Amino acid sequence: MTVPAEAAHAPGCAPEEPLPRLETLKARADFLRAARARRQGTVAMMVQARRRDDGTSAIRVGFTCSKKLGNAVTRNRAKRRLRAVAREVLPKRGHPGWDYVLIGRPGETVSRPYQALKSDLIRALDKLHAKP
RNA sequence: GCGGAGGGCCGGAUGGCCGCGGCCCCUGACGGGGGUCGAGGAAAGUCCGGACUCCACAAGGCGACGGUGCCGGGUAACGCCCGGCCGGGGCAACCCGAGGGAAAGCGCCACAGAAAACAGACCGCCCCGGAGCCCAUCCGGGGUGAGGGUGAAACGGUGGGGUAAGAGCCCACCGCGGGCCUGGCAACAGGUCCGGCACGGCAAGCCCCACCGGGAGCAAUGCCGAAUAGGGACCGCAUCAUGGCCCGCCUUGGCCGCGCGGUCCGGGUUGGCAGCUCGAGGUGUUCUGGCAACAGGACAUCCAGAAGAAUGGCCAUCCAUCCCGGGAAUUCCCGGGAGGACAGAAUCCGGCUUACAGGCCCUCCGCGCAA
RNA sequence: GCGGGUGUAGCUCAGGGGUAGAGCGCAACCUUGCCAAGGUUGAUGUCGUGAGUUCGAAUCUCAUCACCCGCU
């Protein structure tokens, strides 16, 4: 369990080797393709993942927070927390050449403690990658 | 001290690590580094008013449709703001009011009641004549609208005189209407004289009067690139009926379509750039005019521009606030815990409305106490 | 950004100033050996919320909330 130790000095950690860059998913079609591929729900979010098989190696990630989350302020807050946790986890745990979509859930995405949110994403990624 | 009225302001602070968007500079090809700026009083609802852009462009009249509605002022404009008037509420400070016209017309006023709008008269009251010995009662004729009960509202109200009984029939006051005078720019107020009741309510029912309004909206609109043959633009010639030109009709112009020829662009879809942030600008101090809204001037200072959409994530301490335990009869101290309102720019301004934990300041009113 | 519509009984909807209604559903009873159907009777409402106009508002006016639908 490296999570507590990592959290202790996580803010200042300098990466040894250059981690793969994150790109933002923007086109509606990419979201629809990811939704048809693998998905895994957790307490605070739904994670969708898809291997692109187009030869490129970038990790792309998109975020969805619908009106069910609440008004504009809570939607923005949910999306920013998802973005923060993705930026911290995906470069190390994500697979190159995959697309990921993180979907916020009402209440939990905003109110869940940050460390729990983070372990939710790690556990979801492990399950998604383990699937055939 | 208690209770109340009006107005204004703030709406967490500091630090650390990791990040985001615009602009500038340096280094330089993917990139990296530095500097600087980066949400609100409501950014919200989209309820009004504008700026700006386009709609093939205008001028005038009539009519629809929509809006506004005491008076004066402010403003680019407004349905906003300021001052005043009138009506209503409150002991008061003060608050509330879609507040033009009901003798231009139409309509409605359920139930109850004799009668609901313009006159009439159900129970009554009174007089005369007759029937009846008289009374009671009945019949006929006439006067009356005082009394009764209904209703939200009943044909001016109260008091007195008067009368057969009554009645603005007469008188006083109030109310209503009209004339004149005074004050005021005006709404209106005050005074005086006359009339002698003749005009119930509803116009947020239709309506009448006055004033205002062309339509759409930055996803407007302009430009560039890729791509593709069904579309479109322009010019010239021809030209008849008719249709259309962002509510209808009319008048005066103007334009478009149908056919032939020529030239040019290139639909859907998708991407980029401009519009795009400096404007009736904001904030602070101050001067002049004004009761004020506001106007004019001086100085200083500030300026978010994204586009799956930045302005953040996490942590610590402090500050409000609350809870628990302990010491002191509350306030005070110590320890622990909880914990931060409503809410996120999307072309830009001026308003209105709505949401909002907690806190601060100023002015005023009533009551009580002390001096 | 612009525009439109709806809100009434558990459900679907009428009613457009004068006592809130219909159908389905629900409950009780009758009928039947039992059930269904049928019949009789009954209960049920802050008329989304708050102000205003009016003697009187589900209805008219204003504000507000929620939901739905168009156009670009």
Side-chain angles (χ1 to χ4, degrees):
Chain A
M1 289 301 127
T2 61
V3 171
E6 192 179 74
H9 71 290
C13 70
E16 307 297 323
E17 82 268 24
L19 290 172
R21 293 177 44 75
L22 284 182
E23 289 180 15
T24 308
L25 211 58
K26 290 184 179 179
R28 173 176 164 77
D30 287 331
F31 281 85
L32 295 177
R33 275 195 287 272
R36 278 196 299 272
R38 312 176 178 190
R39 66 179 62 192
Q40 177 63 45
T42 69
V43 178
M45 72 187 87
M46 166 78 73
V47 182
Q48 299 170 339
R50 164 177 163 267
R51 179 167 31 202
R52 289 201 303 278
D53 287 327
D54 62 351
T56 59
S57 67
I59 298 178
R60 303 198 301 177
V61 59
F63 306 92
T64 296
C65 289
S66 73
K67 269 194 174 175
K68 285 181 195 165
L69 275 284
N71 60 20
V73 173
T74 53
R75 286 203 306 275
N76 274 340
R77 174 166 288 271
K79 199 184 289 185
R80 284 161 179 162
R81 297 192 86 207
L82 289 180
R83 217 180 347 244
V85 78
R87 189 164 50 233
E88 198 174 337
V89 170
L90 276 180
K92 285 172 280 187
R93 300 288 193 130
H95 287 183
W98 283 51
D99 283 351
Y100 299 93
V101 173
L102 275 58
I103 302 171
R105 311 185 86 165
E108 288 298 325
T109 306
V110 171
S111 65
R112 196 157 168 80
Y114 186 73
Q115 292 305 322
L117 196 70
K118 200 167 140 187
S119 54
D120 277 352
L121 177 58
I122 291 171
R123 200 168 305 124
L125 288 179
D126 288 345
K127 286 194 180 179
L128 285 168
H129 293 150
K131 287 184 181 176

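From a predicted model like this one, the values you see are computed outputs, not experimental measurements. Chain letters run A, B, ... following the sequence lines, proteins first and then strands; every chain starts at 1.
- With a glycosidic angle more than 90° from 0, B:rG366 adopts the anti conformation.
- Comparing B:rG344, B:rG313, B:rA309 against the side chain of A:T24 picks out B:rA309 as the nearest.
- Between A:R87 atom CZ and B:rC17 atom P there is a gap of 16 Å when expressed in whole angstrom units.
- With both pairing distances under 3.5 Å, B:rC111 is matched to nothing as a Watson-Crick or G-U wobble pair.
- Taking atom P in both B:rC54 and B:rC276, the straight-line distance is 13 Å, to the nearest Å.
- Here the P atom of nucleotide B:rA346 and the CZ atom of A:R75 are 13 Å apart, to the nearest Å.
- Between A:E88 atom CD and B:rG19 atom C1' the separation is 11 Å, expressed in whole Å.
- The distance from atom CG of A:N71 to atom C1' of B:rA341 is 13 Å, rounded to the nearest whole Å.
- Nearest heavy atom pair, residue A:R81 against residue A:T109, reads NH1-O, 3.0 Å.
- Under the Watson-Crick and G-U wobble criteria, each requiring two contacts below 3.5 Å, nucleotide B:rG83 is paired to B:rC71.
- For the OP1/OP2 pair of B:rU311 and a distance below 4.0 Å, the side-chain nitrogens and oxygens of A:R80 include at least one atom meeting the criterion.
- Residues A:R112 and A:A44 approach most closely at CD-CB, 3.4 Å, considering heavy atoms.
- Judged by Watson-Crick or G-U wobble contacts below 3.5 Å, the nucleotide B:rC9 has B:rG359 as its partner.
- Pairing partner, B:rU301: B:rG282, with both Watson-Crick or wobble hydrogen-bond distances short of 3.5 Å.
- Rounded to whole Å, atom P of B:rA310 lies 14 Å from atom CG of A:L82.
- By the rule that a glycosidic angle within 90° of 0 means syn, B:rG41 counts as syn.
- Distances were taken from every side-chain heavy atom of A:A72 (C-beta onward) to each of B:rA345, B:rG308, B:rC314; the shortest belongs to B:rA345.
- Look at B:rC54: its Watson-Crick or wobble partner, with both distances under 3.5 angstrom, is B:rG215.
- Figure legend. B:rC319 is base-paired to B:rG340; pairs are counted as Watson-Crick or G-U wobble with both atom distances under 3.5 Å.
- Atom-to-atom, CZ of A:R77 to C1' of B:rG312 comes out at 9 Å; the value is rounded to the nearest Å.
- Between A:A78 and A:V110 the shortest heavy-atom distance is CB-CG2, 3.9 Å.
- A distance of about 15 Å separates the P atoms of C:rC62 and B:rC80, rounded to the whole Å.
- Classification of the A:Y100-A:W98 ring pair by plane angle, with boundaries at 30° and 60°, yields parallel.
- Using a 4.0 Å cut-off between charged side-chain N and carboxylate O, A:R33 and A:D99 make no salt bridge.
- Annotation for A:R77: atom CZ does not count as buried by contact number, only 12 or fewer foreign heavy atoms lying within 6.0 Å.
- Pair assignment for B:rA131: B:rU137, on the basis of Watson-Crick or G-U wobble contacts that are both within less than 3.5 Å.
- Between the OH atom of A:Y114 and the P atom of B:rG312 there is a distance of 16 Å, given to the nearest Å.
- The CZ atom of A:R81 sits 18 Å away from the C1' atom of B:rG344 (whole-angstrom rounding).
- Within 4.0 Å of A:T74, counting heavy atoms only, lies no atom of the nucleic acid at all.
- To the nearest 0.5 Å, atoms CG (A:D126) and CD (A:Q40) are separated by 10.0 Å.
- Nucleotide B:rA39 is shown with a syn base, its glycosidic torsion being within 90° of 0.
- Look at the C1' atom in both C:rC29 and C:rC67: the space between them is 43 Å, to the nearest Å.
- Annotated as anti: B:rG35, whose O4'-C1'-N torsion sits more than 90° from 0.
- Looking at the side chain of A:N76, the nearest of the listed nucleotides B:rA310, B:rG313, B:rG344 is B:rG344.
- Nucleotide B:rC176 is matched to B:rG195 when pairs are restricted to Watson-Crick or G-U wobble geometry with both distances under 3.5 angstrom.
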